[in-house]
**Student:** 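Just dropping this structure here.
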Amino acid sequence: MHIFQQYINGTFSDGTTQFESLDPATAAPWAKMAEAQVADVNDAVEAAHDAFFAPEWADMTATARGKLLFRLADLIAENAPRLAEIETRDTGKIIRETSAQIAYVAEYFRYFAGLADKIEGAHLPIDKPDMEVWLRREPVGVVAAVVPWNSQLFLSAVKIGPALAAGCTMVLKASEEAPAPMLEFAKIFDQAGFPKGVFNVITGGPAAGVALTSHSKVDHVAFTGGPDTARHIVRNSAENLASTSLELGGKSPFIVFDDADIESAVNAQVSGIFAATGQSCVAGSRLLVQASIKDEFLSRLKAKAEAVVIGAPDDMATEVGPLCTLRQREHALELIAKSVEAGAVLITGGEAMDREGFYFTPTILDCSEAHDAASLSNEFFGPVLSVVSFEDEAEAVRLANDTEFGLASGVFTQNLTRAHRMIRKIRAGIVWVNTYRAVSPIAPFGGHGLSGHGREGGLQAALDYTKIKTVWLRTSDDPIPDPFVMR
Ligand code: NAD
């Protein structure tokens, strides 16, 4: 059994209690994790609070913070294969994906490292002759980060990078479902040379999450997870009136017009829904396909879905691995059963696989005659695609926006003017045209509606971890005149 420790104030410890984490490919426990109790949460927040005001961090130049982040990026790149192996083991995310993603995580840290000394304030052309007024962008303070289990290193990097670049300190609570990658990351972070307490990692379930996000010394809560949990998080943070950034779920439309390059669209849809075993917030989980090409498109898609290589996550040949938890699999079975009852037609898949681990077959459900099917409005977080056909552009827009979520969207068409109309009309944080699932540290990422608010990636991500201080400086040497005249 592997042992993973929590990281508080620069010190690793087992904590007073531990819990076991399951290997999703075998459903057997493989590692023991320290489980943060309320006292651990308090220690971690106090450490981050003290570090925020300590001169080692508070007086460090932004350039020096950037250099530390560059060092961290190098360490992540050097340790990427080990981090990938651990993330694969704990979450079931296939090694092909974790290897590529963690190599890219180093690039995210490099981007934010470079940004550290480019977070600028402003000078105001104020309407008073004897005043200089300028804005300082200052770090928001202690950040509580709460993350889910999928792509955890990646989802954490887009919080840690901008927060530390801006000069904040942080307590990150890893997901109780698969905390190993973040606890391993803490070991790497420890070597980068940051002052003690600037970054702390704990784990544990909702109790630790509540203690952290309602702590009176937390200034900002950065959360990625489901909308139901987000409502709790916002209530918790209200205790302290902390600001929040929320990256939540999605039910993203993948829209294919009859003039699209069909081969490209089919391939993009396959990776859009089956990559990460569908456990992706930006999964293109609603295929909206023009009625005139529906049969051809679905038959090509079905053939590709049935040819997907399902296997052990640590095998480089595997394209779809197990779901992370048994709960995910039960949720998928339940939603499919409800949808079929409502008139959806199962084109392929829909089954828990008869092998050890939490495997689930890639699934396509045609909901063209069942617009009320639960599968069209609920996030599966699994490899399940729901299909609806449309007649024209207006119907495509209406169906695309018929969701409470608004994270991502994809449009496949060769018609340039139509592409521009669709970009304007779709209500989502991301529109991919003739591509899907592309991400970059340079591009903001985030949603509308139940998909949350705030942006991760790009300059905006760093600004979300700052607040503005307005400075007024009187330049006149004359005595201040009548104190009761407003100036
Ligand atoms: P979840 O909402 O169940 O849990 C996320 C985290 O919140 C976990 O660390 C959990 O311990 C913690 N938590 C639970 N209850 C809490 C409470 N009351 N107070 C404080 N913390 C609490 O999410 P999950 O099932 O682990 O992950 C799947 C969800 O995450 C999906 O909805 C998915 O779309 C979303 N997600 C979004 C993005 C994005 O960037 N938009 C990325 C990945 C995942």
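Start at 1 and go down the list; that is how both ligands and their atoms are numbered.
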**Student:** Below a 4.0 angstrom heavy-atom separation, can you tell me which part of L407, side chain or backbone, both or neither, approaches ligand 1?
**Tutor:** side chain
**Student:** Does a donor on one side chain sit under 3.5 Å from an acceptor on the other, for T213 and S237?
**Tutor:** no
**Student:** For the residue pair F112 and Y465, is the inter-centroid distance of their aromatic rings smaller than 6.0 Å?
**Tutor:** no
**Student:** For the backbone of I3 and the side chain of Q5, can you confirm whether one donor and one acceptor N or O come within less than 3.5 Å of each other?
**Tutor:** no
**Student:** Scan side-chain atoms only and decide if D90 and S21 contain a donor-acceptor pair under the 3.5 Å cut-off.
**Tutor:** yes
**Student:** Does N150 approach ligand 1 within less than 4.0 angstrom via side chain, backbone, both or neither, non-hydrogen atoms only?
**Tutor:** side chain
**Student:** Using heavy atoms and a threshold below 4.0 Å, how should the contact between E176 and ligand 1 be classified: side chain, backbone, both, or neither?
**Tutor:** side chain
**Student:** Ligand 1 versus E177, non-hydrogen atoms closer than 4.0 Å: side chain, backbone, both, neither?
**Tutor:** neither
**Student:** If you measure from each non-hydrogen atom of I233 to ligand 1, which part falls under 4.0 Å: side chain, backbone, both or neither?
**Tutor:** side chain
**Student:** Relative to atom 5 (C) of ligand 1, which among F223, F381, F154 owns the nearest non-hydrogen atom?
**Tutor:** F223
**Student:** With heavy-atom distances below 4.0 Å as the criterion, list the atoms of ligand 1 near F445.
**Tutor:** 40 (O)
**Student:** Please confirm whether the ring centroid of W432 lies under 6.0 Å from the ring centroid of F445.
**Tutor:** no
**Student:** Counting only heavy atoms not in K338 (residues, nucleotides, ligands), do more than 12 fall under 6.0 Å from its NZ?
**Tutor:** no
**Student:** Would you mind finding which of C281, A276, G209, P227 brings a heavy atom closest to atom 36 (N) of ligand 1?
**Tutor:** C281
**Student:** Run the numbers for me: atoms of ligand 1, each under 4.0 Å from some heavy atom of T224, listed by number.
**Tutor:** 5 (C), 36 (N), 37 (C), 38 (C), 39 (C), 40 (O), 42 (C), 43 (C), 44 (C)
**Student:** Which of the numbered atoms in ligand 1 are under 4.0 angstrom from any heavy atom belonging to S175?
**Tutor:** 9 (O)
**Student:** Tell me the protein heavy atom at minimum distance from atom 27 (O) of ligand 1, and give that distance in Å.
**Tutor:** P148 CB, 3.2 Å
**Student:** Among all the protein's non-hydrogen atoms, which is closest to atom 15 (N) of ligand 1, and how far away is it?
**Tutor:** T229 CG2, 3.3 Å
**Student:** With a cut-off of 4.0 Å, which atoms of ligand 1 are near a heavy atom of H232?
**Tutor:** 18 (N)
**Student:** If only atom types and distance count, is the side chain of S339 paired as donor or acceptor with the main-chain N or O of S375 below 3.5 Å?
**Tutor:** yes
**Student:** Which is it for E247 and ligand 1 at heavy atoms under 4.0 Å: side chain, backbone, both or neither?
**Tutor:** both
**Student:** Do you see a donor-acceptor pair shorter than 3.5 Å between the side chains of T17 and Q37?
**Tutor:** yes
**Student:** Hydrogens and angles aside, do N9 and T11 bring a side-chain donor and acceptor to less than 3.5 Å of each other?
**Tutor:** no
**Student:** So is there a nitrogen or oxygen of N236 less than 3.5 Å from a nitrogen or oxygen in ligand 1?
**Tutor:** yes
**Student:** Tell me which one of V142, L164, D50 satisfies side chain to side chain contact (heavy atoms under 4.5 Å, CB included) with T169.
**Tutor:** V142
**Student:** Check the pair K304, N267 against side chain to side chain donor-acceptor pair (under 3.5 Å), reporting the backbone distance first and the verdict last.
**Tutor:** CA-CA 8 Å; K304 294 233 174 188; N267 285 337; 2.7 Å; yes
**Student:** List the closest protein heavy-atom neighbour of atom 35 (C) of ligand 1: residue, atom name, distance to the nearest 0.1 Å.
**Tutor:** G225 O, 3.3 Å
**Student:** Counting heavy atoms only, which part of V146 comes closer than 4.0 Å to ligand 1: side chain, backbone, both or neither?
**Tutor:** side chain
**Student:** Are Q460 and D464 close enough that a side-chain donor and a side-chain acceptor fall under 3.5 Å?
**Tutor:** yes
**Student:** Any atoms of ligand 1 less than 4.0 Å from a non-hydrogen atom of G226? List them with their elements.
**Tutor:** 1 (P), 2 (O), 23 (O), 29 (C), 30 (O), 32 (O)
**Student:** Non-hydrogen atoms of K173 versus ligand 1: any pair closer than 4.0 Å?
**Tutor:** yes
**Student:** Mark up the atoms of ligand 1 that fall under 4.0 Å of a heavy atom belonging to G249, in ascending order.
**Tutor:** 32 (O), 34 (O)
**Student:** Hey, does L248 come in under 3.5 Å of ligand 1, counting only N/O atoms on both sides?
**Tutor:** yes
**Student:** Could you check atom 32 (O) of ligand 1 against the protein and tell me its nearest heavy-atom contact, residue, atom and distance included?
**Tutor:** E379 OE1, 2.6 Å
**Student:** In terms of relative ring orientation, are F194 and W57 parallel, tilted or perpendicular, with 30° and 60° separating the classes?
**Tutor:** tilted
**Student:** Which word best sums up how the rings of F189 and F185 line up, parallel for under 30°, tilted for 30 to 60°, or perpendicular for over 60°?
**Tutor:** tilted
**Student:** So, for F70 and F109, is the gap between ring centers shorter than 6.0 Å?
**Tutor:** no
**Student:** Taking only heavy atoms of V210, which atoms of ligand 1 are found under 4.0 Å from at least one of them?
**Tutor:** 17 (C), 18 (N), 19 (N), 20 (C)
**Student:** Which atoms from ligand 1 have a heavy atom of V147 less than 4.0 Å away?
**Tutor:** 6 (C), 8 (C), 9 (O)
**Student:** Write out the residue and atom name of the closest protein heavy atom to atom 25 (O) of ligand 1, then the distance separating them to 0.1 Å.
**Tutor:** W149 NE1, 3.6 Å
